[in-house]
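Remember, it's 1-based here, ligands and their atoms both numbered in the order they're listed. Because the structure is a prediction, the values reported are computed rather than measured.
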Amino acid sequence: MKTILVTGGAGYIGSHTLIELDKAGYRPVVVDNLINSSIESIKRVEQITGRQIPFYKLDLRDAAALECVMEKYNFYACIHFAGLKAVGESVQKPLEYYNNNMTSTFVLLEQLKKHNCKNIIFSSSATVYGIPEEVPITEELPKGQCTNPYGKTKSMLEEVLIDLQNADKEWNVVLLRYFNPIGAHPSGDIGENPNGIPNNLMPYITQVAVGKREKLGIFGNDYDTPDGTGVRDYIHVVDLARGHVAALSAMERNCGLAIYNLGTGCGYSVLDVVKTFEKVNGIAVPYTIMPRRAGDIAACYSNPQKAKVELGWSAEFGLEEMCRDSWNWQKKNPEGYNTGE
Ligand code: NAD
Ligand code: UDP
């Protein structure tokens, strides 16, 4: 049984990936400093899988602490989710973002190299395309200018990993560019748990639906899109999690450097999401039209063919399931992982 180091495994995408790794017969080991997550997510994953997940609370920048974990296991690969991810906050706190996301990855890579684990999957983002030259976006499109420190860390870390793989062909590096993950495990026991006022669309919608916020603000209805609101490629987090398992199998074939979009290929507008959420869940989501949000683009969706052809992976869930599962999680856990215990 192959053991996988999962950094940031207590977070939203990481916790869902633990379940899919377990299902596929891998043994995940988690390191996370819990800066944006709760140990409760790991407990819930243990309930769902019926298996204990080794967990180490540490900051990846702490090389000595990471080394202790590296020495304990013989890792086959690392899935590197850990990082700070709030776009707006990264503009306010650039040093924190550069330090956390860059330094933690450098320390991690040194440790992986030292312990001869040269297989890594990196959580990148569609944000590296900047304002895309065209949609749907293929991996061949050139990267664009990122307007915020968060996006820049993703783009720079991609370059770091590409240089590393160029210098030493023993590395297998898979860069996964996620589009817009939403949804939750169908059990409703794990899901996205944002701190404070949500920045992203779906957690805002579910908080309006549950009565925590009065109404959704839709950022602009004058874009050049079918209904004027922004278009994105929403992907169910369980599908995204399965994409990581598929990427691990590519490593078994010594893929070298590989870059994949993980999206559905379908673009939905903000109003499509609101209307689908209302229809599927039978709940009204009041909204108001607001000015455009700085830095937003009109439309961003993937061409997911490369992952389909090379990894045999494609998204299975549609927007209705995403809306159903997001609501199921929020309804069952109105305070997220803050159980009040
Ligand atoms: P998340 O915040 O839920 O998970 C990230 C985890 O990393 C958290 O549990 C946090 O505590 C941990 N972490 C942060 N810094 C750390 C450090 N220095 N040491 C140890 N642990 C640390 O985020 P997520 O939504 O699960 O995203 C996972 C990855 O995917 C991130 O790298 C994110 O940038 C990337 N990504 C996310 C999205 C999205 O919309 N959610 C889109 C594209 C890319
Ligand atoms: N959006 C919105 N109101 C919100 C949050 C987001 O209208 O409260 C819109 C946003 O302008 C974009 C889409 O929803 O068109 C997705 O935004 P999100 O922040 O979830 O993802 P990203 O901007 O990273 O694609």
Looking only at distances, can you tell me whether any N or O atom of [X], backbone or side chain, sits closer than 3.5 Å to an N or O atom of ligand 2?
X    : answer
M202 : no
L201 : yes
V231 : no

Look at [X] together with [Y] and state whether they make a salt bridge at an N to O cut-off of under 4.0 Å.
X    : Y    : result
R177 : E158 : yes
R44  : E40  : yes
K212 : E335 : yes

For ligand 1, which of its N or O atoms have a protein N or O partner closer than 3.5 Å, and how long is each gap?
residue	atom	partner	partner atom	Å
ligand 1	2 (O)	N36	ND2	2.7
ligand 1	3 (O)	Y12	N	2.9
ligand 1	9 (O)	G11	N	3.4
ligand 1	9 (O)	D32	OD1	3.2
ligand 1	9 (O)	D32	OD2	2.6
ligand 1	9 (O)	S37	OG	2.6
ligand 1	11 (O)	D32	OD1	2.7
ligand 1	11 (O)	N33	OD1	3.4
ligand 1	11 (O)	I35	N	3.0
ligand 1	11 (O)	N36	N	3.0
ligand 1	11 (O)	S37	OG	3.3
ligand 1	13 (N)	N33	OD1	3.4
ligand 1	15 (N)	N100	ND2	3.1
ligand 1	18 (N)	D59	OD1	3.1
ligand 1	18 (N)	N100	OD1	2.9
ligand 1	19 (N)	L60	N	3.0
ligand 1	21 (N)	N33	N	3.1
ligand 1	21 (N)	N33	OD1	3.2
ligand 1	25 (O)	K85	NZ	2.8
ligand 1	26 (O)	Y12	N	3.2
ligand 1	26 (O)	I13	N	2.8
ligand 1	32 (O)	F81	O	2.8
ligand 1	32 (O)	K154	NZ	2.8
ligand 1	34 (O)	Y150	OH	2.7
ligand 1	34 (O)	K154	NZ	3.2

We want to know whether [X] and [Y] form a side-chain donor-acceptor pair, criterion being a heavy-atom distance below 3.5 angstrom.
X    : Y    : value
Y26  : E20  : no
N261 : Y129 : yes
T229 : N221 : no
D22  : T49  : no

Whether Y178 lies under 4.0 Å from ligand 2, heavy atom: no
Joint cluster assignment, V210 & V285, ILVMFWY side-chain distance < 4.5 Å: yes
Return the residue, atom name and 0.1 Å-rounded distance of the protein heavy atom closest to [atom].
atom                    : answer
atom 3 (N) of ligand 2  : G217 O, 2.8 Å
atom 12 (C) of ligand 2 : R232 NH2, 3.7 Å
atom 18 (P) of ligand 2 : N200 ND2, 3.5 Å

Parallel, tilted or perpendicular: which one describes the rings of [X] and [Y], with boundaries at 30° and 60°?
X    : Y   : value
Y56  : Y73 : perpendicular
H185 : H16 : tilted
H244 : F81 : tilted

Using a strict 4.0 Å cut-off to heavy atoms of [X], name the atoms of ligand 2 that fall inside it.
X    : value
G230 : 15 (O)
D296 : 10 (C), 11 (O), 23 (O)
I218 : 7 (O)
R293 : 10 (C), 17 (O), 18 (P), 19 (O), 23 (O)

Polar side-chain atom of K332 near backbone of S187 as donor-acceptor pair, under 3.5 Å: yes
For ligand 2, which part of [X] has a heavy atom less than 4.0 Å away: the side chain, the backbone, both, or neither?
X    : value
N180 : side chain
N199 : backbone
V270 : side chain

Sequence-distant partners of D168, salt bridge (Lys or Arg N to Asp or Glu O under 4.0 Å), two or more places apart: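 With neighbours one apart ignored, the set is K118.
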Selection from F219, Y234, Y268, Y204 by shortest heavy-atom distance to atom 4 (C) of ligand 2: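 It is F219 whose heavy atom sits nearest to atom 4 (C) of ligand 2.
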